[in-house]
Amino acid sequence: AAAAAHSAFVAVRPPGHHAEPDGAMGFCFFNNAAVAAHHARAAHGLARVAVVDWDVHHGNGTQAIFDGDGRVLVVSLHRVGKHFFPGSGLKEEVGRGGGAGATLNVPWIQAGLGDADYAAAFELVVLPVLREFAADLVLISAGFDAARGDPQGRMALTPAGYAHMTRELLALPGAAVAAVLEGGYDLDATAACAEAVLRAMVDDADAKG
Ligand code: ZN
């Protein structure tokens with residue numbers, strides 16, 4: 001048997017979170033995080049999986065795939081606005097049928113937000129919902145296009161902000177954490193922020209032995 005790991009980072013291209021059940025969209029062909037969530041349940045028997053999508057664009061594909069499924073919690077923090085892709089992800093979108101309440105959108109209506117804004121959203125909204133849901137696995141749809149300098153996102157997250165969010169997810173009791181790369185259009189910022197996420201995971205692994 002392979003050694004157990006508490007966290008992992010998947011540096012995959014192309015990204016996946018815009019891919020819907022029946023179609024490619026927004027540079028995405030297959031929804032990597034959604035495939036991972038399905039696999040975790042079907043092959044490894046995990047009961048509850050959460051996807052936390054901090055890519056600056058709404059994870060419409062992931063939301064569509066798990067819209068009616070209450071055993072996969074889909075959380076997305078993203079910009080919304082008249083001219084901002086893809087246009088979905090309003091806070092009123094909360095899931096349907098058996099999935100009602102298992103979709104959580106944090107739509108930002110302005111550009112320029114940074115570490116403190118994301119930390120506050122985590123503290124006040126995202127983490128309480130995640131603690132209540134009690135996932136066995138948290139998949140991060142880890143786009144880095146909300147990083148300072150990204151030409152598409154025009155937000156202001158720094159590597160420290162991504163590390164903070166990673167540590168908060170790693171601290172959730174009973175949950176393994178795997179980050180899957182999504183968007184990121186300033187390569188230096190993407191690299192620096194991905195490194196910060198990896199360092200947070202390595203530090204956590206060292207602390208947990
Ligand atoms: Zn994006």
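Counting starts at 1 for both ligands and their atoms, following the listed order.
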Exercise. In D145, the N, O or S atom nearest to the Zn ion (ligand 1) is which?
Worked result: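 Going through the N, O and S atoms of D145 one by one, OD2 ends up nearest to the Zn ion (ligand 1).
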
For this session: Sequence neighbours left out, what passes side-chain hydrogen bond (donor to acceptor under 3.5 Å, both in side chains) with E123? Give chain and number order.
Result: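 So E123 forms no side-chain hydrogen bond (donor to acceptor under 3.5 Å, both in side chains) with any residue.
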
Exercise. Under the side-chain hydrogen bond (donor to acceptor under 3.5 Å, both in side chains) test, which residues partner H18, sequence neighbours left out?
Worked result: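 Checked H18 against side-chain hydrogen bond (donor to acceptor under 3.5 Å, both in side chains); matches are N60.
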
Problem set entry | Any N, O or S atom of D55 closer than 2.8 Å to the Zn ion (ligand 1) |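 An N, O or S atom of D55 is closer than 2.8 Å to the Zn ion (ligand 1), so yes.
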
Exercise. Short check: any N/O/S atom of H57 below 2.8 Å from the Zn ion (ligand 1)?
Worked result: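 H57 does place an N, O or S atom closer than 2.8 Å to the Zn ion (ligand 1).
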
For this session: Identify whether the distance between the nearest side-chain nitrogen and carboxylate oxygen of D136 and R41 falls below 4.0 Å.
Result: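 Not counted as a salt bridge, because no side-chain N and carboxylate O are separated by less than 4.0 Å.
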
Exercise. Centres of the W108 and Y118 rings: under 6.0 Å?
Worked result: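 Judged by ring-centre distance (under 6.0 Å), W108 and Y118 do meet the cut-off.
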
